[in-house]
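A, B, ... follow the sequence lines: proteins, then strands. Residue 1 opens every chain. The shown structure was predicted, so the numbers you read here are calculated from the model rather than taken from an experiment.
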There are 2 protein chains.
Amino acid sequence: MKPVRNIAPEPTETPAELLQRYLTRQGLKSTRQRSIIVETFLAAEGHLDVDQLLARVRVQDPRVSAATVYRTMKLLTECGLAHAQNFGGGHTRYESTFRREHHDHLICTGCGTIVEFENDRIEALQDQVARHHGYTIHDHKLELYGLCRDCQARAARGARL
Amino acid sequence: MKPVRNIAPEPTETPAELLQRYLTRQGLKSTRQRSIIVETFLAAEGHLDVDQLLARVRVQDPRVSAATVYRTMKLLTECGLAHAQNFGGGHTRYESTFRREHHDHLICTGCGTIVEFENDRIEALQDQVARHHGYTIHDHKLELYGLCRDCQARAARGARL
DNA sequence: CCGGGGTATGAAACCAGTTCGCAATATCGC
DNA sequence: GCGATATTGCGAACTGGTTTCATACCCCGG
């Protein structure tokens with residue numbers, strides 16, 4: 001096992017190129033399965049779990065195994081192209097982080113819709129809190145759970161029945 | 001399965017009394033195992049996982065099974081006496097929520113120490129963000145991961161060797 | 001363009017945490 | 001105390017995920 005390092009994207013590089021660079025640098029190989037998985041993952045642009053990703057990958061090639069998807073997502077996470085998240089329900093979800101700012105999530109517990117947001121003032125306050133306790137933050141997770149407008153309306157309607 | 005509802009503490013009630021009220025109301029029974037588990041859990045005042053809790057419970061009664069601890073913690077969570085959390089590593093941790101303010105966590109990824117904090121300004125900003133997107137928040141999770149002072153020092157020392 | 005060393009893959013075994021099914025047991029209202 | 005019903009402990013089953021192992025593939029050197 002070689003030391004894992006994630007690498008910064010070159011100015012004009014595509015995700016696929018970055019991955020290629022990473023693979024080469026680490027002495028890893030570019031395979032058909034990896035290409036399909038990465039393509040599919042990048043095309044999906046969402047918060048997918050392994051099942052969803054595997055289903056889509058198998059449209060291209062039904063023989064790809066779950067293990068390979070797990071392994072590939074781990075790889076993408078290590079090289080900094082994907083970020084693993086875990087919103088409660090046991091399934092790890094991945095989202096692309098290619099040239100993407102950090103952001104947090106607002107999750108509707110009714111319909112599962114996820115809104116991404118970013119708030120510098122919150123981040124600043126977080127740093128302040130951490131500093132106050134002598135901590136150096138290297139990661140954080142902020143998730144807000146609630147009902148979106150539609151689900152609120154639906155709930156109100158339901159209550160009235 | 002009856003509808004689950006958590007109940008608010010009466011002004012002068014102890015956790016054990018609240019639980020008793022909950023059990024009676026739901027037609028459930030008070031057993032020796034449940035009492036031991038609840039007592040142990042409340043006495044521990046921390047963020048315990050099931051293994052830790054089971055170990056302590058077995059000091060009182062070695063025959064209590066893991067399944068019962070799981071079932072009891074689920075019960076406590078449902079009636080609002082405990083809160084389940086999941087900081088990364090696959091172990092669900094529980095903390096007492098009896099008459100406890102909401103708080104967030106600052107977790108040292110070096111030694112696992114957990115600091116609790118509360119910050120009204122962050123909460124206010126969260127509400128603001130949610131409102132802005134038309135959401136009504138009913139829960140949130142904020143976790144800051146970093147190194148505590150000691151682990152920072154240790155890391156610096158390690159790097160120098 | 002071919003061969004070989006080393007990596008990647010798929011299937012199945014494995015793992016840890018958690019839940020479930022069931023027979024035996026304990027609780028609680030009457 | 002009785003009896004209906006909830007609970008327990010056990011082990012088996014399930015879950016998401018990782019690892020093993022034999023085989024297939026990639027890619028560099030010749």
Notebook entry, point to check: Which heavy atom in B/Ala82 sits nearest to a heavy atom in B/Met73, and how many Å separate them?
Noted result: CB-CE, 4.1 Å

Notebook entry, point to check: To the nearest 10 degrees, what angle separates the axes at the start and end of the helix from C/dC1-D/dG30 to C/dC30-D/dG1, five pairs each?
Noted result: 30°

Check: To the nearest angstrom, how far is B/Leu76 atom CG from D/dT7 atom P?
Finding: 13 Å

Next item on the list: Would you indicate which nucleotide in D/dT8, C/dA11, C/dA8 comes nearest to any side-chain atom of A/Ser65?
Entry: C/dA11

Next item on the list: Find out whether B/Glu116 and B/Arg100 are in side-chain contact, i.e. whether some heavy atom of one side chain is under 4.5 Å from a heavy atom of the other.
Entry: yes

Item checked: Residue pairs passing the side chain to side chain donor-acceptor pair (under 3.5 Å) test where at least one lies in residues 30-39 of chain B, sequence neighbours excluded -> B/Arg32-B/Asp61

Notebook entry, point to check: Within less than 4.0 Å of OP1 or OP2 of D/dG9, is there a side-chain N or O belonging to B/Thr68?
Noted result: yes

Next item on the list: Determine, for nucleotides 17-26 of chain C in 5'-to-3' order, which nucleotides have protein heavy atoms under 4.0 Å from the base (write B), from only the sugar-phosphate (write S), or from neither (write -).
Entry: SSBBB-----

Margin query: Which residue in the set B/Arg121, B/Arg131, B/His140 passes side chain to side chain donor-acceptor pair (under 3.5 Å) when paired with B/Gln126?
Written below: B/His140

Notebook entry, point to check: Can you check the A/Arg25 CZ to D/dC27 P distance for me, whole Å?
Noted result: 18 Å

Listing, residues 149-156 of chain B side-chain donor-acceptor contacts under 3.5 Å, not counting sequence neighbours, or none:
residue	atom	partner	partner atom	Å
B/Gln152	OE1	A/Thr136	OG1	2.8
B/Gln152	NE2	A/Gly134	O	2.9
B/Gln152	NE2	A/Thr136	OG1	2.9
B/Gln152	NE2	B/Leu147	O	2.9

Notebook entry, point to check: Roughly how far, to the nearest 0.5 Å, is the NE2 atom of B/His105 from the OG1 atom of B/Thr113?
Noted result: 13.0 Å

Next item on the list: Return the value, rounded to whole Å, for the distance between atom CD of A/Gln85 and atom P of D/dG17.
Entry: 13 Å

Notebook entry, point to check: Looking at side-chain heavy atoms only, is the closest gap between B/Arg56 and B/Phe41 below 4.5 Å?
Noted result: no

Notebook entry, point to check: Contacts to DNA chain D from residues 56-64 of chain B, heavy-atom cutoff under 4.0 Å, which residues?
Noted result: B/Arg63, B/Val64

Check: What are the two closest heavy atoms between A/Cys108 and A/Cys148, and how far apart are they?
Finding: SG-N, 3.3 Å

Check: If you group Ile, Leu, Val, Met, Phe, Trp and Tyr whenever their side-chain heavy atoms sit less than 4.5 Å apart, what else falls in with B/Tyr135?
Finding: A/Leu106, A/Val115, A/Phe117, A/Ile122, A/Leu125, A/Val129, A/Tyr135, A/Ile137, A/Leu142, A/Leu144, B/Leu106, B/Val115, B/Phe117, B/Ile122, B/Leu125, B/Val129, B/Ile137, B/Leu142, B/Leu144

Item checked: Candidates A/Val50, A/Leu75, A/Leu53 - the one meeting side chain to side chain contact (heavy atoms under 4.5 Å, CB included) with A/Tyr70 -> A/Val50

